[in-house]
Amino acid sequence: MKKILIIGAAGQIGSELIPYLRKIYGDSNVVASDLHNNLPCNVLESGPYEILDALNGKKMQEIVDRYDIDTIFNLVAVLSAKGEANPVLAWQINMGALFNALEISRETKGAVFTPSSIGAFGPTTPADHTPQDTVMRPTTIYGVSKVAAELLGDYYHLKFGVDARGLRYPGIISNVTLPGGGTTDYAVEIYYEAIQNKLYKCNLSAGTYLDMMYMPDALRAAVELMEADPKRLVHRNCFNVTAMSFDPEMIAASIRKYIPEFRMEYHIDHIKQAIANSWPNSMDDSSAREEWDWKPEYNLEAMTIDMLEKLKIKLGKQGC
Ligand code: SER
């Protein structure tokens, strides 16, 4: 049975990955950690939780030793738009946490999962059916850190035998913890605003196509990749994975099927628009399909139905 440490566990993905991994590997085998513990009590109390600044390698090492960790899920990240506001911080955090995780795993001969992103691509990358292996010249510090992280993961695998693997996630849509500081955040916010205000002020323009994925697929993809037979893996860091590609008009139309009075206005955020314009419209994830049988379950329609159902319950409850 794996002994897992999640770093950056209180964020959008981590807060849902904790219960997901605990269900598979057992509550006591999944140690969650972050700078703070602002998570629902049922998540915090379901297994071990440690306060950890992932830039503190000594403390990370202590936790790895204490719990006999063999696998680290590294979810520490400053996202694209926030990174442009503070590039130094973004570089330090995005690279520092990964470097500590890889260095510690060099000693333990363990495994490291790190998400890369559509943000690893740039304006000179083919935008449609973006291949697995192609031009990677991103123009954000987030993207630069992701390309460096991909290379570092492969380096630690090649030189030191660390079982480093990763996914190039598209925008992740979810209903538990909000993302923060990303360019794809609009596709989460739109559902909250549709339910609460019937109006959304969209900060990306119509016609801005981006890859997206619903959280259940994102969680399953991470586990399936980490469980994949290493002999089948031609690639490691990192695999293109996608579930759908849409623009703001398409997601608004899918919401309008269930909330007919929903309206959308455009208030463009030029920094986010420029970032989105530099990213793929739709990725080709055939390497993931061939090497570890990746297959998404949720399309836009199925995701919208589930998001609206879950959020109506969440937002209807006092104190949520
Ligand atoms: N969701 C991320 C962002 O928008 C992309 O991986 O920054």
Side-chain angles (χ1 to χ4, degrees), residues 8 11-17 73-87 89-91 93-95 97-98 113-123 125 127 130 136 138-150 153 166-192 202-205 208-215 217-219 221-222 225 237-248 251 268-283 285 288 296 298 303 307:
Q12 185 198 12
I13 298 176
S15 59
E16 297 199 51
L17 189 67
F73 280 74
N74 166 29
L75 301 178
V76 176
V78 173
L79 297 182
S80 57
K82 194 171 169 195
E84 290 312 284
N86 196 338
L89 183 81
W91 176 263
I93 291 179
N94 292 356
M95 297 312 296
L98 173 65
F113 171 82
T114 296
S116 184
S117 160
I118 49 174
F121 297 114
T125 303
T130 303
M136 300 185 81
T139 48
T140 61
I141 192 68
Y142 174 70
V144 172
S145 72
K146 288 298 179 190
V147 173
E150 291 193 12
L167 301 169
R168 290 183 190 133
Y169 275 137
I172 306 290
I173 294 155
S174 64
N175 50 58
V176 175
T177 303
L178 285 166
T183 302
T184 58
D185 294 7
Y186 94 88
V188 180
E189 293 159 2
I190 192 171
Y191 288 105
Y192 283 78
C202 187
N203 53 32
L204 295 183
S205 67
T208 306
Y209 283 84
L210 291 166
D211 284 293
M212 300 281 177
M213 184 180 289
Y214 195 32
M215 184 63 90
D217 277 333
L219 300 177
L225 172 64
N237 299 280
C238 291
F239 284 92
N240 287 4
V241 281
T242 185
M244 60 193 99
S245 166
F246 57 74
D247 84 325
I251 186 169
I268 306 306
D269 175 327
H270 293 286
I271 292 176
K272 288 191 178 181
Q273 186 65 54
I275 294 173
N277 290 348
S278 76
W279 288 355
N281 299 328
S282 65
M283 287 188 291
D285 61 5
Y298 285 86
M303 177 175 77
M307 277 294 283

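For ligands, and for the atoms within them, numbers begin at 1 and follow the listed sequence.
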Would you confirm whether [X], through its side chain, and [Y], through its main-chain N or O, come within 3.5 Å as a donor-acceptor pair?
X      : Y      : value
Asp217 : Pro296 : no
Asn281 : Ser245 : no
Asp185 : Gly181 : yes
Ser80  : Thr183 : yes
Asp269 : Asn203 : no

Give me the pairs of N or O atoms, one from ligand 1 and one from the protein, that sit under 3.5 Å apart.
from	atom 1	to	atom 2	distance (Å)
ligand 1	1 (N)	Thr184	OG1	2.8
ligand 1	4 (O)	Thr183	N	2.6
ligand 1	4 (O)	Thr184	N	3.0
ligand 1	4 (O)	Thr184	OG1	3.3
ligand 1	6 (O)	Ser117	OG	2.6
ligand 1	6 (O)	Tyr142	OH	3.0
ligand 1	7 (O)	Ser80	N	3.1
ligand 1	7 (O)	Ser80	OG	2.6

query: In terms of the angle between their ring planes, are Phe246 and Tyr186 parallel, tilted or perpendicular, with boundaries placed at 30° and 60°?
result: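 Phe246 vs Tyr186 ring planes: perpendicular.
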